[in-house]
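Order of appearance sets the numbers: ligands from 1, and atoms from 1 within every ligand.
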Amino acid sequence: MGNRTLAIIKPDAVGNGNSGAIIDLIIKAGFKIKAMKMVHLTRSSAEGFYAIHKERPFFGELVEFMTSGPCVPIALEKENAVEDYRKLIGATDPANADEGTIRKLFAKGIQFNAVHGSDSDENAINEIAHFFSTDELFNNDSEELIKNER
Ligand code: CMP
């Protein structure tokens, strides 16, 4: 069981001003933010990130959408991170997402679905590396140290 996952607040949710509310729900669910940035993906970066889906009929639309505006990738840490984060966000299609999940609250459809979450520990490692170098990952032990010194 891994303890990291990659979240992305997608261009629809960033554009609608929902980034803050989504980050708040993630933190309240017990996840630690290891790293976070705002980026406007290039076509090649989006194609590389979603390479696993390149044979799917929706691949072109997905890349188009993910390059339509800035998004916010976030490396998260928590015990059982992949599974717990996927529970927090709900089903890919918001029509099937449980009440109170991030997609139920903020997603408009299967494509404009507000957030991404890694689907396995192996993909989480690769996806975090897509956006962050190891020296960009915040050490939460230091966070404790800083807090205690204040
Ligand atoms: P995400 O969790 O980022 O992983 C792959 C994405 O592909 C998914 O969220 C959706 O945004 C998108 N996707 C999956 N199925 C479809 C579909 N049938 N039509 C359009 N987009 C889809």
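When the shell of 6.0 Å around CD of Glu136 is examined, it contains more than 12 heavy atoms from other residues, nucleotides or ligands. Counting heavy atoms of neighbouring residues, nucleotides and ligands inside a 6.0 Å radius, atom NZ of Lys54 does not exceed 12 of them.
The side chain of Tyr50, and not its backbone, has at least one atom closer than 4.0 Å to an atom of ligand 1 (non-hydrogen atoms only; side chain from C-beta on). Residue contacts with ligand 1, taken as heavy atom pairs separated by less than 4.0 Å, involve His53 solely via side-chain atoms from C-beta onward. When heavy-atom distances to ligand 1 are checked against a 4.0 Å cut-off, Ile110 comes that close through both its backbone and its side chain.
None of Ile27, Ile128, Ile33 except one satisfies the side chain to side chain contact (heavy atoms under 4.5 Å, CB included) rule with Leu76; the exception is Ile33.
Ile52 belongs to no hydrophobic cluster, as no Ile, Leu, Val, Met, Phe, Trp or Tyr side chain comes under 4.5 Å of its own.
Within the structure, the closest approach of Arg103 to ligand 1 falls below 4.0 Å when heavy atoms are considered. Residue Arg56 places every heavy atom at 4.0 Å or more from ligand 1.
Here the protein heavy atom with the shortest distance to atom 20 (C) of ligand 1 is Phe58 CB, 3.5 Å.
Contact annotation: the side chain of Met36 approaches that of Ile23 to within less than 4.5 Å [non-hydrogen atoms, C-beta and beyond].
Closest heavy-atom approach to atom 9 (O) of ligand 1 within the set His116, Gln111, Lys10: this belongs to Lys10.
Note: an N/O pair closer than 3.5 Å links Asn113 and ligand 1 by distance alone.
The distance from atom SG of Cys71 to atom CD1 of Ile8, rounded to the nearest 0.5 Å, is 5.5 Å.
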